[in-house]
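Pasting a structure here, questions to come.
Heads up: numbering here begins at 1 and tracks the sequence. Computed from a predicted model, the values in this text were never measured in an experiment. Just the heavy atoms: all of them, side chains too, but no hydrogens, waters or symmetry mates, feed the values below.
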Amino acid sequence: MQSPQYPQYPGAGPAEPPRAAPVAPASPASGEALLAQAIQSWQTGDLLGSCRQALAAAVALSGGPTSTALPHALRQAALALCEFGLAAEALPLARASVHYLEREQLHEPLSACLSCLGHVHARLGELDQAELLHMRALSLARESIDSADRMRAYTNLLVSMAAAHEQALDRGDEEGRVMARLALRRAERQLGGARSLAQDGRLHAVFQGVLKLAVAHLLVLLHRLDEAEVLLNQLLAQWSVDDRTRYWRWSAEETLADLLNRRGRHAEAWHLLALLLAEPDLQINVQLHGSVLRQALRSLRAMDGPQTQARIRELEMQRQQWEQRCAQAATQAREALAQELLQLDPWLRSVLRGAD
């Protein structure tokens with residue numbers, strides 16, 4: 001499971017896939033509108049749309065009045081770039097969001113931007129720096145009267161280290177396996193605090209659910225499957241009646257399928273994943289679609305019956321097509337980044353050059 005499944009602003013879930021925004025002159029007002037669209041695109045998994053909209057928002061907002069929207073736009077673009085494997089390109093944007101807030105002495109969104117910077121460092125395999133930044137973010141969030149700030153900080157930390165763990169495992173070598181274990185160890189240190197907060201009755205039900213999903217995913221990676229299954233079943237019951245939460249529900253179902261595969265219950269996992277693959281909007285959520293395909297192939301290969309071979313070949317082809325889509329989208333994200341950086345105001349361009 002990748003970080004797009006955890007919205008950074010979990011309000012009402014989007015009911016419709018995002019539509020392309022009309023072109024408008026760059027201005028703070030258009031920048032804020034573009035940022036809102038970028039967040040909506042992020043929540044549905046339209047990573048390329050989110051990246052483009054966030055970068056365009058940063059251009060519209062840069063050079064204008066002091067605003068918390070500008071660092072949020074830089075942060076949103078950085079998060080999207082990370083999901084394409086472009087953490088090195090994301091790093092200057094994440095650093096610039098923090099530099100801007102420190103220069104303008106704006107403290108309200110600093111925790112979120114520090115979390116983003118920590119996430120980028122985790123994707124780069126720099127776990128010590130990532131943990132330090134996440135702990136700074138959590139410390140700031142604990143000072144807030146809004147428990148949702150702490151929820152975001154905990155969720156971002158758990159998701160960040162889980163993503164670093166999975167990315168390190170994909171390397172397939174001993175160094176990757178060592179790094180994967182270290183990432184899980186760092187996340188596990190904060191598991192108790194996150195679980196306690198997830199039970200806080202003052203937290204909005206949607207915020208509770210998003211944090212519980214991050215906790216459940218980590219528990220699966222830690223092979224604490226009984227605890228994870230209880231949480232996942234609670235979430236699926238909670239989200240079954242509200243179509244606005246379908247993207248989060250699908251993410252929980254993919255995590256449950258991972259759990260079932262780990263238990264050797266491959267037929268049950270495949271049944272769940274086949275239903276997900278039949279969802280017409282699943283492909284919009286690029287990373288979730290890839291995770292579902294990966295788990296589905298894992299289930300079918302373990303079942304290894306004569307009737308599964310044709311389905312395996314079909315899914316392998318779909319997986320190749322998905323990889324091609326991701327590579328094409330990463331190229332387009334790089335192009336959008338290069339184009340939009342030229343239009344930023346001089347101070348921000350100098351910060352980005354210094355952050356390289």
Side-chain angles (χ1 to χ4, degrees), residues 4 7-12 14 16-84 86-87 89-117 119-120 152 284 329-356:
Q8 305 301 311
Y9 304 92
E16 298 291 340
R19 296 181 174 86
V23 177
S27 69
S30 67
E32 292 186 6
L34 284 164
L35 176 58
Q37 291 163 7
I39 294 167
Q40 184 184 26
S41 296
W42 171 270
Q43 290 179 345
T44 63
D46 178 12
L47 304 181
L48 182 58
S50 183
C51 183
R52 285 172 165 164
Q53 291 155 351
L55 288 168
V59 169
L61 292 161
S62 69
T66 299
S67 168
T68 58
L70 174 56
H72 275 311
L74 293 168
R75 168 179 168 272
Q76 189 67 40
L79 289 170
L81 287 168
C82 279
E83 297 307 319
F84 292 117
L86 303 177
E89 289 86 344
L91 184 58
L93 296 175
R95 283 179 175 168
S97 71
V98 173
H99 291 336
Y100 178 88
L101 291 171
E102 291 174 342
R103 186 189 76 157
E104 302 297 338
Q105 298 184 338
L106 298 172
H107 301 296
E108 177 268 323
L110 184 56
S111 174
C113 290
L114 286 168
S115 280
C116 172
L117 185 54
H119 181 74
V120 175
R152 293 189 187 100
I284 295 171
T331 298
Q332 293 172 323
R334 278 197 185 96
E335 292 171 351
L337 178 61
Q339 179 181 351
E340 298 293 358
L341 288 183
L342 296 174
Q343 302 180 57
L344 293 172
D345 77 280
W347 178 84
L348 195 50
R349 285 204 306 273
S350 70
V351 170
L352 289 171
R353 284 196 297 270
D356 286 339

message: Can you give me the closest heavy-atom contact between Tyr100 and Pro65, atom names plus distance?
response: OH-O, 4.1 Å
message: Let's go through Ser115 and Arg152 carefully: what are the C-alpha distance in whole Å and the side-chain angles of both, what is the deciding distance for side chain to side chain contact (heavy atoms under 4.5 Å, CB included) to 0.1 Å, and is it a yes or a no?
response: CA-CA 9 Å; Ser115 280; Arg152 293 189 187 100; over 6 Å; no
- prompt: Between atom CG of Leu81 and atom CG of Leu48, what is the distance when rounded to the nearest 0.5 Å?
  reply: 10.0 Å
query: Roughly how far apart are Arg52 CZ and Leu34 CG, rounded to 0.5 Å?
result: 13.0 Å
- prompt: Considering all heavy atoms of both residues, which atom of Glu83 and which atom of His119 are nearest to each other, and what is their separation?
  reply: OE2-NE2, 3.9 Å
task: Measure across Ala78 and Cys116 and return the closest heavy-atom pair with its distance rounded to 0.1 Å.
output: CB-SG, 3.9 Å
- prompt: With Gln339, which residues qualify under side chain to side chain contact (heavy atoms under 4.5 Å, CB included), at least two apart?
  reply: Gln343
query: With sequence neighbours left out, what residues match Ser50 under side chain to side chain donor-acceptor pair (under 3.5 Å)?
result: Gln76
statement: Scanning both residues in full, the closest heavy-atom pair of Leu70 with Ala58 reads CD1-O, 3.6 Å
- request: Calculate, to the nearest 0.5 Å, the distance between atoms CG and CG belonging to Leu61 and Leu35 respectively.
  value: 7.5 Å
message: Going by side chain to side chain donor-acceptor pair (under 3.5 Å), name the residues that satisfy it together with Glu104, two or more places apart in sequence or in a different chain.
response: Thr66
task: Not counting sequence neighbours, which residues clear side chain to side chain contact (heavy atoms under 4.5 Å, CB included) with Ser111? List them please.
output: Ala137, Leu140, Ala141, Ala153
Donor-acceptor pairs under 3.5 Å, side chain of residues 329-337 to any protein atom, not counting sequence neighbours: which ones?
from, atom 1, to, atom 2, distance (Å)
Thr331, OG1, Ala327, O, 3.2
Arg334, NE, Glu89, OE2, 3.2

- request: Quickly, which of Leu106, Leu114, Leu74 forms a side chain to side chain contact (heavy atoms under 4.5 Å, CB included) with Leu101? Name it, please.
  value: Leu106
task: Could you walk me through whether Val98 and Glu102 pass the side chain to side chain contact (heavy atoms under 4.5 Å, CB included) test, one step at a time?
output: CA-CA 6 Å; Val98 173; Glu102 291 174 342; 3.6 Å; yes
- request: For Ala94 and Val120, work out which heavy atoms get closest and say how close.
  value: CB-CG2, 4.0 Å
field: By side chain to side chain contact (heavy atoms under 4.5 Å, CB included) - contacts of Ala77 (at least two apart)
entry: Ala54, Leu55, Leu93
- request: First locate atom SG of Cys51, then atom CG of Leu79, and finally report the distance between them rounded to the nearest 0.5 Å.
  value: 10.5 Å
field: Expected output: side-chain Arg75 to main-chain Ala112 donor-acceptor under 3.5 Å
entry: yes
